[in-house]
Amino acid sequence: MRRREAIRRLIAERAVRSQKELGRLLRARGVAAAQPTLSRDIRELGLLKGPGGYSAPETVSPAPPAASASIAHRRLQTFERLVNDFVLSVEAAGTLVVLRTPPADAQPVALAIDAAALDGVIGTIAGDDTIFLATGSADQAEDLARRFREAIGARPTESLKRFPRRRHKTGRRA
């Protein structure tokens, strides 16, 4: 794709520190792209953003072991803070763990969970206020749910009270 190749060339030639700057430089080369398109291109190209601007993953040298440990520690701290601040309830459902958050907070929490690389979590799906964590078994889901409940200080019955179940038109619980 012509636009993505132009992006690769630009970041190889010079420091590009923002999407706005990237858009301006692309327009100067005759390539138009809206901000959402640039965001998608950056994500799909796997570009990394550091203090010097965007760079391609193949141009970044691996972090030394101490730096890697520090990054892992920061990711774990971010995960713990976000879970503590934003997870309202936790429920196991078969091989899934369902986390509820305030509106618009599910995405950052799910990203922190992914970055923390928790044992037992195969993958995450996040909506606006709900996160599904896939596990390999119902036992893993129960164990993971218990760990999340402990992290937020909620007992299983407390999390049930926070979100009453929806009722069907017949008045029965869903």
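Just the heavy atoms: all of them, side chains too, but no hydrogens, waters or symmetry mates, feed the values below. Since the structure is predicted, the reported quantities are computational estimates derived from the model, not experimental observations.
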Distance (rounded to the nearest 0.5 Å) between [X] [atom1] and [Y] [atom2]:
X    : Y    : atom1 : atom2 : answer
T124 : L133 : OG1   : CG    : 6.5 Å
Y54  : I7   : OH    : CD1   : 10.0 Å
T37  : Q35  : OG1   : CD    : 8.5 Å
I42  : I11  : CD1   : CD1   : 9.0 Å
I152 : D85  : CD1   : CG    : 11.5 Å
L45  : R40  : CG    : CZ    : 11.0 Å

Test item: [X] and [Y] side chains (from C-beta on) under 4.5 Å apart, heavy atoms:
X    : Y    : result
E91  : V97  : no
T130 : L99  : no
L47  : S55  : no
T135 : L96  : no
I131 : I125 : no

* To do: Could you check L111 against F79 for side chain to side chain contact (heavy atoms under 4.5 Å, CB included), going step by step and ending with a plain yes or no?
  => CA-CA 9 Å; L111 285 170; F79 158 74; over 6 Å; no
* Asked: Thinking salt bridges, do E44 and R4 make one under a 4.0 Å N-O criterion?
  -> yes
* To do: Give a yes or no on whether a salt bridge exists between R9 and E5, defined as a side-chain N under 4.0 angstrom from a carboxylate O.
  =>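 Between E5 and R9 there is a salt bridge, with a charged N closer than 4.0 Å to a carboxylate O.
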* To do: May I have all residue pairs that pass side chain to side chain donor-acceptor pair (under 3.5 Å) and include part of residues 20-32, sequence neighbours excluded?
  =>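 Sorted result for residues 20-32: E13-R29.
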To check you understand the geometry: which heavy-atom pair defines the closest contact between [X] and [Y], and what is its length?
X    : Y    : result
L26  : A6   : CD2-CB, 3.7 Å
P102 : D129 : O-CB, 3.8 Å
N84  : A151 : OD1-O, 3.3 Å
R3   : A33  : CD-CB, 3.5 Å

* Evaluation steps, salt bridge (charged side-chain N to carboxylate O under 4.0 Å, His left out), between E142 and R146 -> CA-CA 6 Å; E142 287 293 340; R146 180 188 49 74; over 6 Å; no
Between [X] (side chain only) and [Y] (backbone N and O only), is there a donor and an acceptor less than 3.5 Å apart?
X    : Y    : value
Q140 : S137 : yes
Q107 : A126 : yes
D128 : A104 : yes
T101 : F86  : no

* Asked: Any chain of hydrophobic side-chain contacts (each under 4.5 Å) joining V87 to V98?
  ->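 No, V87 does not connect to V98 through the hydrophobic network.
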* Verify the cluster assignment for F148 and F132: are they in a single hydrophobic cluster under the rule of side-chain heavy atoms below 4.5 Å apart? =>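 No, F148 does not connect to F132 through the hydrophobic network.
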* Take R100 and V90 through the side chain to side chain contact (heavy atoms under 4.5 Å, CB included) test and state the conclusion after the steps. => CA-CA 7 Å; R100 297 294 304 262; V90 180; over 6 Å; no
